[in-house]
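These notes concern the structure reproduced below.
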Amino acid sequence: MTRSDKTAFSTSLLEWYDRHARQLPWRISPAASRAGVRPDPYRVWLSEIMLQQTTVATVTPRFAAFVQRWDGFPALAEAPLEEVLGEWAGLGYYSRARNLHACAKVVTRLHDGQLPASESALKDLPGIGPYTAAAIAAIAFDRRAVVVDGNVERIMVRQAAIERPIKEAKAAIYALAAEVVPDRRGGDYAQALMDLGATICRPRRPDCLLCPVRSSCRAHALGLEAQLPVKPPKKKRPTRRGIIYVGIGPRGCVLSETRPAKGLFGGMRGLPGSAWTEEGGDEEGAPFEADWQCAGRISHTLTHFHLELDVKWAPTEGAPAPFFWTPIAEHGAFPTLFRKAAVAALSAAGEL
DNA sequence: AAGTCGGGGAC
DNA sequence: GTCCCAGACTT
């Protein structure tokens with residue numbers, strides 16, 4: 001990119017954003033931003049954590065429910081972790097919720113309830129890494145920041161027609177992103193990049209005809225926009241198998257447990273069962289001796305493996321420690337995998 | 001540098 | 001079915 005291209009990039013992008021900005025619940029309009037208004041840092045922070053590896057469509061309703069329940073750092077800091085995890089259930093990557101709660105406590109206790117505005121102070125908070133620190137500094141506090149997420153990587157790779165895999169070109173991508181950041185309107189610029197990546201410079205079928213920065217785009221000039229970024233070879237997921245046991249009590253209550261605080265589904269409500277292994281066939285893990293009946297099999301795909309779990313159920317009288325009852329009305333507190341298993345068991349038992 | 005850590009929407 | 005998303009954290 002030439003020197004004039006660098007200026008033109010941010011100028012064109014900001015002009016486009018002024019006309020086409022998406023309206024999102026955690027955003028203020030570009031007009032308000034230009035008038036000096038800033039969004040609520042709590043909402044910016046919450047949205048950024050929720051949006052980590054999660055789509056806007058998924059986040060939008062969950063964001064609304066969350067801020068309705070806890071409207072600021074002090075309220076969230078006072079909430080029991082268990083309730084925060086329950087509100088997060090179904091969103092995945094549950095360490096985000098644990099770190100979210102820890103972060104709210106730190107902000108309330110050590111920062112007087114105010115989110116710090118500097119990128120370095122933000123990055124020291126739980127759950128806030130390089131991207132999120134830059135994004136919050138820019139969006140909530142209008143700082144100049146080099147915001148690099150998946151969208152920005154894709155945009156920069158196409159602008160410069162970088163033909164190496166993203167993983168190998170991180171430094172060059174960051175350098176280019178840093179070169180084109182404007183000195184003003186840090187928040188609008190960061191969000192403009194997100195909108196461009198989501199609606200124009202999409203992973204598949206980029207809409208170059210509508211792109212405000214196509215004149216500086218090398219990939220478009222070379223007709224390579226659909227081939228870039230080059231994808232790394234995909235590795236296949238192994239399948240692990242196991243058994244989930246659903247004890248069914250009065251009124252369709254299911255026998256539940258709290259999972260270990262860290263690791264897969266850490267701290268979340270779950271259902272007892274065998275270990276999940278590639279061999280499978282392990283009959284251990286039942287919460288008690290009973291004539292367990294088959295309720296079918298559920299499939300669930302996680303990041304690193306695919307699960308095939310046999311669901312078994314049995315009528316259950318009491319809840320032996322450390323187990324406890326989860327009524328149907330609280331199925332929303334289960335991660336999706338366990339909610340699937342509970343539904344399968346209750347269906348087989350005629351409780352649904 | 002490589003693994004761990006979920007789920008769903010879009011195709 | 002595949003892709004990939006406003007990544008962080010651990011080893």
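So that the names make sense, note that chain A is the first sequence line, chain B the second, and so on, each numbered from 1.
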Starting at atom [atom1] of [X], determine the distance to atom [atom2] of [N], rounded to an integer number of angstrom.
| X | N | atom1 | atom2 | answer |
| --- | --- | --- | --- | --- |
| A:Ile166 | C:dC5 | CD1 | P | 8 Å |
| A:Phe63 | B:dG7 | CZ | P | 22 Å |
| A:Met50 | C:dG7 | CE | P | 15 Å |
| A:Leu91 | B:dG7 | CG | P | 9 Å |
| A:Tyr93 | B:dG7 | OH | P | 10 Å |
| A:Leu24 | C:dA6 | CG | C1' | 11 Å |
| A:Lys170 | B:dA1 | NZ | C1' | 12 Å |
| A:Arg237 | C:dG1 | CZ | P | 11 Å |

Do NZ/NE/NH1/NH2 and the carboxylate oxygens of [X] and [Y] come within less than 4.0 Å?
| X | Y | answer |
| --- | --- | --- |
| A:Arg241 | A:Asp310 | no |
| A:Asp207 | A:Arg214 | no |
| A:Arg269 | A:Glu330 | yes |

Looking at [X], I'd like to know whether one of its side-chain N or O atoms comes within less than 4.0 Å of OP1 or OP2 on [N].
| X | N | answer |
| --- | --- | --- |
| A:His300 | B:dG7 | yes |
| A:Lys231 | C:dC3 | no |
| A:Gln53 | C:dG7 | yes |

If the [atom1] atom of [N] is compared with that of [M], how far apart are they to the nearest Å?
| N | M | atom1 | answer |
| --- | --- | --- | --- |
| B:dC5 | C:dC4 | C1' | 15 Å |
| C:dT11 | B:dG6 | P | 16 Å |
| B:dG3 | C:dA6 | C1' | 22 Å |

Sort me out a list of protein N/O and nucleotides 8-10 of chain C N/O pairs below 3.5 Å, or just none if empty.
unit_1 : atom_1 : unit_2   : atom_2 : d
C:dA8  : OP1    : A:Gly129 : N      : 2.9
C:dA8  : OP1    : A:Gly129 : O      : 3.4
C:dA8  : OP1    : A:Thr132 : N      : 2.9
C:dA8  : OP1    : A:Thr132 : OG1    : 2.7
C:dA8  : OP2    : A:Tyr131 : N      : 3.4
C:dC9  : OP1    : A:Gly127 : N      : 2.5

Name the residue from A:Asp188, A:Asp40, A:Asp195 that meets the salt bridge (charged side-chain N to carboxylate O under 4.0 Å, His left out) definition with A:Arg27.
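Option passing the salt bridge (charged side-chain N to carboxylate O under 4.0 Å, His left out) with A:Arg27: A:Asp195.
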Indicate the ring-plane relationship of [X] and [Y], choosing parallel, tilted or perpendicular according to the 30° and 60° boundaries.
| X | Y | value |
| --- | --- | --- |
| A:Phe9 | A:Tyr189 | perpendicular |
| A:Tyr42 | A:Phe73 | perpendicular |
| A:Trp16 | A:His20 | tilted |

When the nearest nucleotide of DNA chain B is assigned to A:Leu264 and to A:Arg205 on a heavy-atom basis, which residue is associated with the more 5' position?
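It is A:Leu264 whose nearest nucleotide is closer to the 5' end.
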If you find the nucleotide of DNA chain B closest to A:Lys167 and the one closest to A:Gly90, which residue's nucleotide is nearer the 5' end?
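The residue closer to the strand's 5' end, by nearest nucleotide, is A:Lys167.
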Centres of the A:Phe288 and A:Phe323 rings: under 6.0 Å?
no
Any base atoms under 4.0 Å from [X], or only sugar-phosphate, or nothing? Heavy atoms, all strands.
| X | value |
| --- | --- |
| A:Arg22 | base |
| A:Trp26 | base |
| A:Gly266 | nothing |

A:Phe305 six-ring face occupied by A:Arg240 cation (under 6.0 Å, within 45°)
yes
Side chains of A:Asn99 and A:Arg96, donor plus acceptor under 3.5 Å
no
A:Thr132 versus A:Gln52, side-chain donor and acceptor atoms under 3.5 Å
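Side-chain D/A pair, A:Gln52 to A:Thr132: present.
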Among the candidates C:dA6, B:dT4, B:dG7, find the nucleotide nearest to the side-chain atoms of A:His304.
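Nearest listed nucleotide: B:dT4.
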Check every atom of B:dG7, C:dC5, C:dA6 against the side chain of A:Met194 and return the nucleotide holding the closest atom.
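Looking only at side-chain atoms, A:Met194 lies closest to C:dA6.
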Go through residues 54-62 of chain A and report each residue with a non-hydrogen atom lying under 4.0 Å from DNA chain C, sorted by number.
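Per residue number, the list reads A:Thr55, A:Val56.
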